[in-house]
Every structure is written in C-alpha cells, then in structure tokens.
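These notes are about the structure you will find just below.
Keep in mind that this is a model prediction, so the values were computed, not measured.
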Amino acid sequence: MFGASLFFGDSMITPAISVLSAIEGVQVAAPSLSALVLPATAVVLIGLFVLQRLGTAAVGRLFGPVMAVWFTVIAAWGIKGIASHPAILKALSPTYAGEFLFGHFNIAFFSMSAVVLSVTGAEALYADMGHFGRGPITRAWVFLVFPACIINYLGQGALILGNPGAISNPFYLLVPGWARIAMVVLAAVATVIASQAVISGAFSLTQQAAQIGYLPRLRIAHTSEERVGQIYVPWINWALCIAVLALVFTFRTSTALAYAYGVAVTGTITITTLLFFYIVRTQWKKPLWLVIAGAIPLLAVDMLFFAANITKLPHGAWLPIVIAIVVFTVLTTWQKGRELVTRQRTLEEGSLREFIDQLHNRRPPLARVPGTAIFLNRGKATAPLAMRANVEHNEVLHNHVLILAIQTLPVPHVADAERLEIDDLGYKEDRIYHVTASFGYMDTPSVPSLLPLIRAAGREGGLDSRRISYFLSAIEIRRGNTPGMSRWRKRLFVATARLTADAAEYFQLPPERTVIMGSRIEL
C-alpha cells in the first residue's frame, strides 16, 4: 500500500520534472524566450489533463505518432554523435560500470542518485500494460524505445569526449544550432506525453484502492469498449493537474526535483520487487531457496539506488515521502473508518436470517406487488436497511425479491461462470433470494450485467427488465463519540466520505428505476 502511495507521488513529480526539463532546453536554444516558457507550459499541462476524459486509447492515437517521431529523432542525433567518436561504443560493456562502482565506491554511490534518472519511467511500463496490454508495450520497448535511448546516451557521451564543456547540457548541445528550437518544441510535447503513463496509472490505482476498501467509490468513466482497464477518474485527474502546476511553479528547475523523482521511482521499484517475490513464494509456491537466490541480486541493486537517493533528503528527496505519507494516511484512515461504520451498521441492520424468518412466519403475510425488487446489500449476514424500511413503512414486498451483495476478490478478473452464488434462504416458495456477485478488482461492478447470468441460473421468472426496481441504502456519516479512532482521523474520514460517488451511478443502475432510502450513523 505504501508502494501505491509512492506511485501517487511519482504521478505528480513525473509530469513536473518532464516539463521543467523542456524549459531548460529553451534556455539553451533560445534564452530570450525563457520568460514565456512557464506560462506556455501551464497551458500545455492543462491541455494534457483536459484530454484525459477522451480516454487512453484516444490519447494514444493522438500522441503515438509524436512519440514515434521523438524516438526516431533522438536516435538520429545519437548516431551523429557516435559517428564523431566511435570509441564510445566501448561503454556498452558493463565492466566499466563495475570498475567504477567497486573501484571508486565513495564517488559511485552518490552519483547513483543522478544515474538513476536515466531509467526513470521503467516503473510506468507496468501501469501501461493495464491500459494497452503486454504486446504493444513489449514491441514498443524492444524495437523503438530502448534502442533509441541507448543510442542517444552513447551519442551524448561521444559529444562529451570531443568537447568536455558540453557536459552542461549534452542532450540539446548534441543537436545542431539550426535544429535546437524545433528539438525543444518536440521535447516539450514528448515529455508531457510521457507523463501519460503515470497519470493513467494513478487512475488504475484509485479504482483498485476503492474496490478493496481503501478509498471511497469515486466516479469512474470507462473510456474504451475493448479494454476494461482504460478509465478516467475526474477527481484524481484535476487533483493531479493542480499538484503538477504547483510543483512546476514552485521548483522551476528539473535539478530541484531530480532527487525527489529518484526517491519516488527507486522506492516504487524496490517495493514492486518485494511484492513480486512475495507472490512467487506465496502464490506460485516456489521453493524458498529459489526465491532468495532471485531476490538478493535484484534487491541489492534496487536498495543501492534507493539508499543513494535517500542521502538527498534535504535537497528535495523528502517530497515524494511526504506525499506518500499523506496518501497512506488517507488510505488507512478510510479503511479503519469503514470498519467502524460497518460495525455500527451491522447493529442497525440485524441478522438477515432472523429477518427472513420473521417475514415467512408473519400472519397475515405481507401483500405482494408485481415486479422484482433488487436490494443492494453489503453481505449475507445482515438485512438491507432499505428492505427493512420498505417492510416497516410500506408493509409490502414485490413478487420477486433479490438481495444482492457485491464482493471484490483480490484477483484482476472473475469469469462469468464463477460470478454468482444464489441462495433461496431456506424458503424457496417465498421467492426471496440472496445473490452474491463476485468481481475482480479490475472488473466493472455493473449490476444490470448480472441479470442475464441470474436468468441463466434459473431465476428468470421475475427478471423482466421493464419491471425491476433497485433499492439502495444511503448512509449519512456524522462525527460522534464512537471509540476506535482519533478525532482528527474522524474529521478526515468524514471529509473523504463526501467524495463518494453516487452508488447508483457506480453500479450502473438505471436512475429512473432506483429508489434510495437513507439512514444516519455517528462515528
């Protein structure tokens, strides 16, 4: 969870440092325009976040050709540099890095906090796979991105061999003077586009955190009919936009943010490595000796880079840690508050079995009205508040009643064949059924999509979609004196609860057929 919090910091810092790097290119190519760059940058960034609502696929179609041109161009300038000093190709041998690290460790250790910036963005590949799939990411990396980056780095090294003074900004100085303005423009566009990966990743993490109970339900727009992972979360999008603009105007140089960037990236990569080997051991059931043999070399490299960046805490490395602590606090506060609310709600709802027994034994029995009522509930242990209120105040039941509980499993997707569990609650003739619907954390919890599965399971008698009413229990949370959480965390929980998306929209219920009944809980 702390790794996810660090990634939120990365999603703020990456766009900021990308744009600041482009600004520094202007200072090399056209110093007279420097004063105009920050305002223009703000416009570009706002445009990027406005485009997010179109979806990852639409953004990809728009930005993909630009990135192809970008990597082709930087490879071309790299080849130009290599041609002037072919001896730089020796740098491809890892022996030079090894000799520097072990022969001059006191210098190499601190330089690693800068070296790591050459591989930043690698952690975003995993986020991209959830949006574009493994195939496109693999092909783009192997055949375009990786070769272009290596060639350009070698070209910069060749430039420095011939002109040590170019070390001030070898990337732009590698480009001939006549092409620098165009290169700065292309770099500005490309670096902003590159931020798309972490922005998309922040959307995915938000959805998954909400699915497993660490964030409230936020309004999520699905932007693709082909890929379930392509989503847009408006609240997160504009929060990121404000944060990135604040970072750009506060730090103003990429150097000021470089160490913050390094901590965010190396921290995320280190935690990802730990989680990977945890899965290898607990899920894949690999022997311990094999896990240790694989984990030690990878973690040694990760921890070395992370430790080198941590030494820069006074110089900006504190920023992603502060962001992660804030996000982590929000996540854990919501999870704890949700537990307390659930406990209070359980007392009010009472036992579902006892409630069904009371309905069955009631004399005279309740009147039944035409149609089907679907009551959304949290689980199978308690009775829906909306159903209790309907019985108490209206003294009727629909001909068919479904009590629907939706649970999110710790797997990406759940097959339709394993989606439903249906229980007649012991009185089949009462036509009251409990349905448990299971979704993966990357699935869309759509209630209407369950109706064909319920019909196929033999419950088609009352599922005429024209005569279905959906009932929701709306809970208003007030701060009270319930023990178990400090007052400041209660305030944070109540404030976070106000961000909760409309349940009917979240579960894709038709608004014209949805009835909401309210209740109040003091925390």
Side-chain angles (χ1 to χ4, degrees), residues 14-41 43-45 47-48 62-92 114-122 140-141 143-197 248 251-258 261:
T14 297
I17 199 170
S18 298
V19 170
L20 290 171
S21 299
I23 291 173
E24 289 159 10
V26 175
Q27 295 170 348
V28 173
S32 61
L33 299 177
S34 296
L36 301 175
V37 174
L38 272 176
T41 297
V43 173
V44 173
L45 279 172
L48 172 67
L62 178 64
F63 291 163
V66 177
M67 296 308 293
V69 171
W70 163 254
F71 285 113
T72 302
V73 169
I74 67 171
W77 296 131
I79 291 171
K80 171 182 173 291
I82 294 170
S84 64
H85 287 84
I88 192 63
L89 293 174
K90 292 181 181 179
L92 288 171
V115 171
V116 74
L117 297 178
S118 66
V119 298
T120 51
W141 173 256
F143 296 111
L144 180 62
V145 179
F146 182 68
C149 288
I150 290 295
I151 291 170
N152 188 264
Y153 288 144
L154 291 172
Q156 293 180 50
L159 175 68
I160 295 170
L161 287 179
N163 177 17
I167 198 170
S168 60
N169 200 320
F171 178 80
Y172 285 107
L173 292 175
L174 183 62
V175 181
W178 57 267
R180 282 179 192 158
I181 290 293
M183 191 64 185
V184 167
V185 173
L186 180 60
V189 176
T191 51
V192 171
I193 292 171
S195 304
Q196 178 65 46
V248 168
F251 285 86
R252 291 183 170 265
T253 67
S254 63
T255 302
L257 266 178
Y261 195 29

Taking atom [atom1] of [X] and atom [atom2] of [Y], what is their separation to the nearest 0.5 Å?
X: Cys149; Y: Leu144; atom1: SG; atom2: CG; answer: 8.5 Å
X: Asn169; Y: Leu174; atom1: CG; atom2: CG; answer: 10.5 Å
X: Asn152; Y: Lys80; atom1: CG; atom2: NZ; answer: 11.5 Å
X: Gln156; Y: Leu161; atom1: CD; atom2: CG; answer: 12.0 Å
X: Ile74; Y: Ile151; atom1: CD1; atom2: CD1; answer: 9.0 Å

Enclosure of Ile167 CD1 (heavy-atom neighbours >12, cutoff 6.0 Å):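 Atom CD1 in Ile167 is not packed in, count stays at 12 or less.
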Looking at [X] and [Y], what are the two nearest heavy atoms and their distance?
X: Phe71; Y: Ala148; result: O-CB, 3.4 Å
X: Ile82; Y: Gly155; result: CG1-N, 3.9 Å
X: Arg180; Y: Tyr172; result: NE-O, 3.3 Å
X: Ala158; Y: Gly81; result: CB-O, 3.1 Å

Please work out which of the three classes, parallel, tilted or perpendicular, describes the rings of Trp178 and Trp77, given edges at 30° and 60°.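 Ring orientation, 0 to 90° scale: perpendicular.
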If we only count heavy atoms from C-beta on, is the Val184 to Val175 side-chain gap below 4.5 Å?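 Side chain of Val184 against side chain of Val175, heavy atoms only: no contact under 4.5 Å found.
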